[in-house]
There are 2 protein chains.
Amino acid sequence: MNGRSAQRLAKLQEALASGGTLHLRDAAELCNVSEMTIRRDLTTQKSAISLLGGRLVMANYPGVTPIYDLNEQQASHYQAKHRLCRRALGYIQEGDTLFIDCGSTLMPLLSQLSHFHELTVVTYALNVANAVAALPNVRLVLLGGLFYPASQSFGSDNIAAAIERLGINKALISAAGVDLERGVSCFHFHEVAPKQAAIATAMQRLLVVDASKFGVVRPAYFAALDDFDVVVTDEEGAHSSQYLGCGNAPLLS
Amino acid sequence: MNGRSAQRLAKLQEALASGGTLHLRDAAELCNVSEMTIRRDLTTQKSAISLLGGRLVMANYPGVTPIYDLNEQQASHYQAKHRLCRRALGYIQEGDTLFIDCGSTLMPLLSQLSHFHELTVVTYALNVANAVAALPNVRLVLLGGLFYPASQSFGSDNIAAAIERLGINKALISAAGVDLERGVSCFHFHEVAPKQAAIATAMQRLLVVDASKFGVVRPAYFAALDDFDVVVTDEEGAHSSQYLGCGNAPLLS
DNA sequence: CACTAAATGTTATAATTTTAACATTAACGC
DNA sequence: GCGTTAATGTTAAAATTATAACATTTAGTG
């Protein structure tokens, strides 16, 4: 709770800023204090640094903090998301140029893209870009602009034009709400332009949503249900068919 | 070395694709095998997953793999980079719009930006963007395009135009080679356009290089030494002054 | 079916990390 | 200076993780 403690943490944060991990032992040496002091700094003041098995890492870096907790609920949610993405994967073919929407829905799909030999992914989301950047066989095109932390994505006034210049094969769009009458919607207004541009440009439009989104309306409307060629969803029970079974979009998968 | 082993790793990689960590215990449960089997999978087949204190993490995610090793050489290198960035920090003021170049040189600077109340960072590098995205007080503008893994940065045919549209205050440029006669150069040709555009637009141009780059020439030339208003470097011994002392650029810091 | 070999499980042990308790040092007010 | 309190160091014990050895299961073969 001291100024010196904060100073140490700042020093360590600098060391970790470029990414990478720092062993507790080295951190202590770097600050000329004992390991215990570093431990105490970390527990007393809460900072962006977290301790993972004796190593310091930046907690807010993607792929570090959010510890996957395997309780009943999470596990089933995990299963649902993956079932969803496995179905979506069925529509992807070698050589495709894919538009991948922001949000967490399509994340599980990305690692499965490593099975292809040549793909191109177009996205405006930082988390998607990070996952795709790790894949050696996938070309990545990131649409830049001003960063919106809420959706981990970028927006600019000419993002629609940039999307329309690209030859996008298949657009995989996610949504926060799907309703037969009120259409397809999301939370953030800055997502509307890129989504609409991708829908307008792509040869095939896939809406990828889990069943929990049916009958839900969110602030930012961006498309009608029949703007999509395919709706990929995880269940086809009474609930989902109520909203999709009589729609114009062919319910494949 | 089995197919089933690879299958398990693929499954785990999917689970980790969205980022986050997975406890060994949960990973074992997820695959319906013992923890030992997961351990063996990880050691036998080498995959993108690494084990960090009982937790599985994506090794190629930024901020995870490159373990900071504190031997003499590394430590001094660390000190040099930070001295350099602390000097560069002196030129930054509240409210600035900064262009931050790609490479690892300017990374230590980024965490220090959290001391300001309002800043805007413009970059075309993914690692820079990730570090800045974590700072709540800094607006981030990422210039997108096709991703170049070699430099972790993006390039496009209209990146120069995009840079020139922005009101950049100060351009912090890094380089791989600095020579009085042959000018300032870098490794990758796709970096030339954004660097030159930033130099052309910015009100103040700062070249940030450590002394080891003096007298070195790299394939991609992008500027003359006197295109810069300030050269920020870590030493002013005989070697550096030989190259800079008699140049046109005022050697501040 | 028996045999073999690979894959996986189990257990014990070693190494490491975490926690807690107490000792020491440094800082500050009076 | 003295006494008090916060900060840091030291040490031992507990918990966790890693390694190694051996047991068991599984898959494939003649």
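Proteins get letters first, then strands, A, B, ... in listed order; numbering begins at 1 in each.
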Angle separating the five-pair end axes of the helix from C:dC1-D:dG30 to C:dC30-D:dG1, nearest 10°, is 20°

Tell me whether the side-chain N/O atoms of [X] come closer than 4.0 Å to OP1 or OP2 in [N].
X: B:Ser34; N: C:dT10; value: no
X: B:Thr37; N: C:dG9; value: yes
X: A:His23; N: C:dT16; value: no

Between N or O atoms, less than 3.5 Å apart, protein on one side and nucleotides 18-24 of chain D on the other: list the pairs.
unit_1: D:dA18; atom_1: OP2; unit_2: B:Arg39; atom_2: NH1; d: 2.7
unit_1: D:dA18; atom_1: OP2; unit_2: B:Arg39; atom_2: NH2; d: 2.6
unit_1: D:dA18; atom_1: O5'; unit_2: B:Arg39; atom_2: NH1; d: 3.3

For A:Ser5 and A:Gln45, what are the C-alpha separation, side-chain angles and deciding distance, and is it a side-chain hydrogen bond (donor to acceptor under 3.5 Å, both in side chains)? CA-CA 8 Å; A:Ser5 172; A:Gln45 326 219 23; 2.7 Å; yes

Rounded distance [0.5 Å steps], CG in A:Leu172 versus CD1 in A:Ile100: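 Separation between the atoms: 5.0 Å.
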
Scan the side chains in residues 142-150 of chain A for donor-acceptor partners under 3.5 Å anywhere in the protein, sequence neighbours excluded, and list what turns up.
none

Using side chain to side chain donor-acceptor pair (under 3.5 Å) as the criterion, list what pairs up with A:Lys170, not counting sequence neighbours.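 Applying side chain to side chain donor-acceptor pair (under 3.5 Å) to A:Lys170 gives A:Gln93, A:Asp96.
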
Among all residues two or more places apart in sequence or in another chain, which pass the side chain to side chain donor-acceptor pair (under 3.5 Å) test with A:Arg8? A:Asp41

Report the C-alpha separation of B:Leu126 and B:Phe154 in whole Å, then their side-chain angles, then the decisive distance to 0.1 Å, and conclude whether the side chain to side chain contact (heavy atoms under 4.5 Å, CB included) test is met. CA-CA 8 Å; B:Leu126 183 59; B:Phe154 299 94; 4.0 Å; yes

Cut-off 3.5 Å, no hydrogens considered: what does the side-chain donor-acceptor table look like for residues 132-140 of chain B, sequence neighbours left out?
unit_1: B:Asn137; atom_1: ND2; unit_2: B:Leu113; atom_2: O; d: 3.2
unit_1: B:Asn137; atom_1: ND2; unit_2: B:Ser114; atom_2: O; d: 3.3
unit_1: B:Asn137; atom_1: ND2; unit_2: B:Phe116; atom_2: O; d: 2.4
unit_1: B:Arg139; atom_1: NE; unit_2: B:Thr120; atom_2: OG1; d: 3.4

Ignoring hydrogens, what is the shortest heavy-atom contact between A:Cys31 and A:Lys11? Give both atom names and the distance.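 Residues A:Cys31 and A:Lys11, closest heavy atoms: SG-CD, 4.5 Å.
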
